[in-house]
Amino acid sequence: MSNIIKITDFEAPELDIYARLSEGQLLNRHEPEKGLFIAESPKVVERALDAGYKPVSMLLEPKHIEGQAKDVVSRVGNIPIFTAELDILTQLTGFQLTRGVLCAMRRPALPSVAEVCAGARRIAILENVMNPTNVGAIFRSAAALNMDAVLLTPSCSNPLYRRAIRVSMGTVFQVPWTFLGNEDSDTSDVDVKLLKELGFKTAAMALSGEAVSIDNPELMAEDKLAIILGTEGDGLATHTIADCDYTVCIPMSHGVDSLNVAAASAVAFWQLGNR
């Protein structure tokens, strides 16, 4: 295969995308049409390809060309496929955790909120969730537990950051998502009014003396519901909670007051996504 290029030096410029560009540089806010992201492992790359994402190049150990990456290699066309021995590849942070395959892919233009929500009955809203591990875990739960879409405020971690993709196991490619507003916007809170205009009842996951239990019959019976989750530690903004139709809590035991946002999302999606 003429598009297979062997790399013998970790400082080779071909490895810049994988080894030296930051997430911000890959995102390329000034020229978003040139933005990239990194997908890891054959399964995750396949999910991205299935969703229509366009590959730019791949990096893998030579043994994987006819091994565990054989099917992926056959699908990516004539893009450059860089190979390097393990002693070079292990200098890339986390490479040994990726099952031997990395793929650089184009970031697509994001759809509008209306497009993402068209036909949706259950959506998840993330307000200022800044940890990419939590974002990835929430997407995995959203995909598994009947969420039709995910919306994020601009200050959330980007779902196409490498760690978020890895933790999500590629489900960020399976659930429709977009940002509520421009990523460069100063607005950091949920536009509850917009959600209501789209026909959703809004449920703020928050600790409050006025909160209803997550198994509240009226809440569960809502035809269209937006489940809103807040940032690690501080939770949702006070005015976001005030603007919502429901404030919802998960009953706790043993004196525990709350769950990590990713764990709370799984409970909420399981209870409220079963419809």
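One is the number of the first residue; the rest follow in order along the sequence.
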* From Arg122 atom CZ to Asn146 atom CG, the distance as rounded to the nearest 0.5 Å -> 9.5 Å
* Asked: For the atom pair SG (Cys249) and CG (Asn216), what is the distance rounded to the nearest 0.5 Å?
  -> 10.0 Å
* To do: Take atom NZ of Lys224 as the centre, draw a 6.0 Å sphere, and report whether it contains more than 12 heavy atoms from other residues, nucleotides or ligands.
  => yes
* Asked: Got a salt bridge between Asp245 and Lys196, using NZ or NE/NH1/NH2 to carboxylate O under 4.0 Å?
  -> yes
* Ser141 (side chain) donor-acceptor with Ile138 (main chain) under 3.5 angstrom -> no
* What pair of heavy atoms forms the shortest contact from Val261 to Gly230, and how long is it? -> CG2-O, 3.4 Å
* To do: Kindly say whether Ser112 contributes a backbone atom to a donor-acceptor pair with the side chain of Glu115 at under 3.5 angstrom?
  => yes
* Asked: Would you say Met169 and Met105 are hydrophobically clustered, going by side-chain heavy atoms of ILVMFWY under 4.5 Å?
  -> no
* Do the non-hydrogen side-chain atoms of Val167 and Val135 ever get within less than 4.5 Å of each other? -> no
* **Validation row: Ile38, Cys103 side chains within 4.5 angstrom (heavy atoms)** => no
* Asked: Under the side-chain hydrogen bond (donor to acceptor under 3.5 Å, both in side chains) test, which residues partner Thr238, sequence neighbours left out?
  -> none
* To do: Would you indicate whether the side-chain heavy atoms of Glu218 and Val212 approach each other to under 4.5 Å?
  => no
* Asked: Do Leu151 and Cys117 touch side chain to side chain, with heavy atoms closer than 4.5 Å?
  -> yes
* Asked: Less than 4.5 Å apart, any side-chain heavy atom of Met252 and any of Leu259?
  -> yes
* What pair of heavy atoms forms the shortest contact from Gln68 to Gly100, and how long is it? -> NE2-N, 4.2 Å
* Are any of the side-chain nitrogens in Glu46 or Arg75 under 4.0 Å away from the carboxylate oxygens of its partner? -> yes
* Asked: For Phe269 and Ala124, which heavy atoms make the closest approach, and how far apart are they?
  -> CZ-CB, 3.5 Å
* Structure fact -> All heavy atoms of Ala149 vs all of Val116, minimum pair found to be CB-CG1, 3.3 Å
* Examine Val129 and Ile165 and state if one hydrophobic cluster contains both, with Ile, Leu, Val, Met, Phe, Trp and Tyr joined whenever side-chain heavy atoms are less than 4.5 Å apart. => yes
* Begin from the C-alpha positions of Ile7 and Thr83 and carry the test side chain to side chain contact (heavy atoms under 4.5 Å, CB included) through to its verdict. => CA-CA 6 Å; Ile7 303 297; Thr83 68; over 6 Å; no
* **Same apolar cluster (I L V M F W Y, side chains within < 4.5 Å links), Leu126/Leu207** => no
* **Step-by-step side chain to side chain contact (heavy atoms under 4.5 Å, CB included) determination, Gln174 to Arg47** => CA-CA 8 Å; Gln174 297 175 302; Arg47 284 180 171 169; 3.9 Å; yes
* For Arg29 and Pro32, work out which heavy atoms get closest and say how close. => O-CD, 3.3 Å
* Hey, which of Thr231, Thr153, Thr240 is the one that makes side-chain hydrogen bond (donor to acceptor under 3.5 Å, both in side chains) with Glu127? -> Thr240
* Identify, with sequence neighbours excluded, every residue that meets ring pair (Phe, Tyr, Trp, His ring centres under 6.0 Å) alongside Phe37. => Tyr53, Phe173
* Taking the side chain as every heavy atom from C-beta outward, state whether Ser57 and Tyr18 have any pair of such atoms under 4.5 Å apart. => yes
* Measure the CD-CD1 distance between Glu61 and Ile88 for me, rounded to the nearest 0.5 Å. => 11.0 Å
* To do: With side chain to side chain contact (heavy atoms under 4.5 Å, CB included) as the test, would you mind laying out the steps for Ile123 and Ile227 before giving the verdict?
  => CA-CA 6 Å; Ile123 62 174; Ile227 302 166; over 6 Å; no
* Minimum-distance pair of heavy atoms, taken over all atoms of Pro42 and Val72 -> O-CG2, 3.7 Å
* Side-chain (Thr178) to main-chain (Pro111) donor-acceptor, under 3.5 angstrom -> yes
* Asked: What distance separates Glu232 CD from Asn131 CG, expressed to the nearest 0.5 Å?
  -> 5.0 Å
* Are Pro80 and Asn3 side-chain neighbours, meaning at least one heavy-atom pair lies under 4.5 Å? -> no
* Passing option when Thr202 is tested against Asp243, Val190, Leu195, Leu225 for side chain to side chain contact (heavy atoms under 4.5 Å, CB included) -> Leu195
* Structure fact -> Sorted by chain and number, sequence neighbours left out, salt bridge (charged side-chain N to carboxylate O under 4.0 Å, His left out) with Asp215 holds for none
* Who are the side-chain hydrogen bond (donor to acceptor under 3.5 Å, both in side chains) partners of Lys34, not counting sequence neighbours? -> Glu31
* **Trace of the side chain to side chain contact (heavy atoms under 4.5 Å, CB included) decision for Leu102 with Met58** => CA-CA 6 Å; Leu102 300 178; Met58 288 182 66; over 6 Å; no
* Structure fact -> Those residues at least two apart in sequence (or on a different chain) that pass side-chain hydrogen bond (donor to acceptor under 3.5 Å, both in side chains) with Gln91 are none
* With the 4.5 Å side-chain cut-off for hydrophobic clustering, are Leu110 and Leu152 part of the same group? -> yes
* Does Pro159 reach the side chain of Phe179, with side-chain heavy atoms less than 4.5 Å apart? -> yes
* **Glu33 side, atom CD; Asn28 side, atom CG - distance, nearest 0.5 Å** => 7.5 Å
* Verify, without hydrogens or angle tests, whether Arg162 (side chain) and Ala39 (backbone) share a donor-acceptor contact under 3.5 angstrom. => no
* Asked: Within the distance-only criterion (no hydrogens, no angle test), does the side chain of Lys201 pair as donor or acceptor with the backbone N or O of Tyr246 below 3.5 angstrom?
  -> no
* **side-chain hydrogen bond (donor to acceptor under 3.5 Å, both in side chains) partners for Ser22, two or more places apart** => Gln25
* **Spacing of CG belonging to Asn128 relative to OG belonging to Ser155, to within rounding of 0.5 Å** => 3.0 Å
* **Flag for Asn158-Glu23: side-chain donor and acceptor within less than 3.5 Å** => no
* For the pair Arg166 and Glu40, evaluate salt bridge (charged side-chain N to carboxylate O under 4.0 Å, His left out) and give the outcome as yes or no after the intermediate values. => CA-CA 7 Å; Arg166 181 169 67 237; Glu40 309 181 28; 2.9 Å; yes
